[in-house]
There are 2 protein chains.
Amino acid sequence: MTNSEPAPAEGKRDRLIRSAAELLYRRGVDSPTLADIAHDADVPTGNVYYYFKTRDELVEAVIDARADEVRQLLASLDRRSSPRARLKGLARAWAANEDDIATSGCPIGTLCSELNKRDRGLDQRAATLLSTVADWVEDQIRQLGRSDARELAITLLATVQGAAVLASSLSDPKIMTSQIRRLERWIDTLSAGDT
Amino acid sequence: MTNSEPAPAEGKRDRLIRSAAELLYRRGVDSPTLADIAHDADVPTGNVYYYFKTRDELVEAVIDARADEVRQLLASLDRRSSPRARLKGLARAWAANEDDIATSGCPIGTLCSELNKRDRGLDQRAATLLSTVADWVEDQIRQLGRSDARELAITLLATVQGAAVLASSLSDPKIMTSQIRRLERWIDTLSAGDT
DNA sequence: GTCTATAAGGCGATAGAC
DNA sequence: GTCTATCGCCTTATAGAC
């Protein structure tokens, strides 16, 4: 590897991953063909195999790209001053994506659900996305002094995942809006003590 | 139609629907082939087309079969004496399926989520399953004297759908158990008044 | 390194024998 | 009515030209 240029090969590889992430999110993990993805990324169809040995390897790259997004989001939230502010920041991040979520569900939740049914080991790699967020939320709630932080973290995540399933299936964006608002009020009530 | 026999043709059709329902639940809506389904139902592969014109028509029959299940469950719960007892009966029904849900998610929720991404009109038909339950829950909560019954019904359903996504994705049945328990306590606290 | 042409296999669907 | 044989298409993946 020389020190010169921005690696045009990387450009195409990244475009393939971005197009794949978007198409798999909108139309499901298995439905989009490599031709669909390559066309969207402006890459010749057969040439996908120069960058990825199999289709699953491209799916894996999409999972890893989502993992990067999650890490970046949580890192930005970590700069906030209090655990409550960090949790609320997470809620606002979801709120900012309400429309997409109401249309196609949670990018992470639907990915995990679908891979869970067409298992090839990819499902476990995808599950890491959810547990990363769960662990982070648990950590914030524990900092609020709650001993039942794990269950509360799961409760918080379940609310969002469930709202995403309902809002997208029933085509009703207001479900996301109202459930996130309820979540923010719930975060306000969180304080030391159990149940 | 004569009055004589249990209709052997019906037997095969029903077996195809049952096998399809199970396989689509376990492995996703698109993944199982007609050969897989026919084999599981002990019906010759090509013969599926005597009963269903297209694969989608079989999927539609699966949705309708789920709708029957839902109607029967809600009808049996309607025999209970109070709205609170009916809601708790629903929670117990979910608890009884905890293991399946922790393995493959909610049969209705995952069906709706997947069809939402491979749209052919089937998604709207499937969404009826969710809204039927939502409407019923809303009705029960309203009978408890709550004016915010719709939002509370969505909250209840979101909890279960979210728990199903998390439990199946993270392969942790305890998530379903604890969230259903929390739901039952929450039902106990429901009474007249808002928020 | 990049891309085209094509192979190999599996799928939904059909035609028609029984 | 029931089933078999098979078609034609689409998809992933490869071989090899440029």
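Lettering follows sequence order; numbering is per chain, from 1.
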Between [N] atom [atom2] and [X] atom [atom1], what is the distance in whole Å?
X	N	atom1	atom2	answer
B/L16	D/dG1	CG	C1'	15 Å
A/I37	D/dT12	CD1	C1'	12 Å
B/R15	D/dT2	CZ	P	11 Å
B/L34	C/dC11	CG	P	10 Å

Checklist entry - Do the charged groups of B/E138 and B/R142 touch, with an N to O distance under 4.0 Å? => result yes
Item to check | Lys/Arg N to Asp/Glu carboxylate O, B/R181 vs B/E184, below 4.0 Å | outcome: no
With 3.5 Å as the limit, what N/O pairs link the protein to nucleotides 3-5 of chain D?
unit_1	atom_1	unit_2	atom_2	d
D/dC3	OP1	B/K12	NZ	3.2
D/dC3	OP2	B/K12	NZ	2.5
D/dC3	OP2	B/N47	ND2	2.9

Checklist entry - Under 4.5 Å between side-chain heavy atoms, hopping through other hydrophobics if needed: is there a path connecting B/L115 to A/V165? => result no
Checklist entry - Quick check: are there more than 12 heavy atoms from other residues, nucleotides or ligands sitting under 6.0 Å from CD of B/E22? => result yes
Please check this pair: side chain of [X] against backbone of [Y], looking for a donor-acceptor N/O pair closer than 3.5 Å.
X	Y	result
B/D64	B/A61	no
A/R86	A/R80	yes
B/D172	B/A102	no

Checklist entry - Less than 4.5 Å apart, any side-chain heavy atom of A/Y49 and any of A/L58? => result no
Checklist outcome for this item: Per the under-4.0 Å heavy-atom filter, residues of residues 52-64 of chain B near DNA chain C come out as B/T54, B/R55
Item to check | OP1 or OP2 of C/dT14 under 4.0 Å from side-chain N/O of B/Y49 | outcome: no
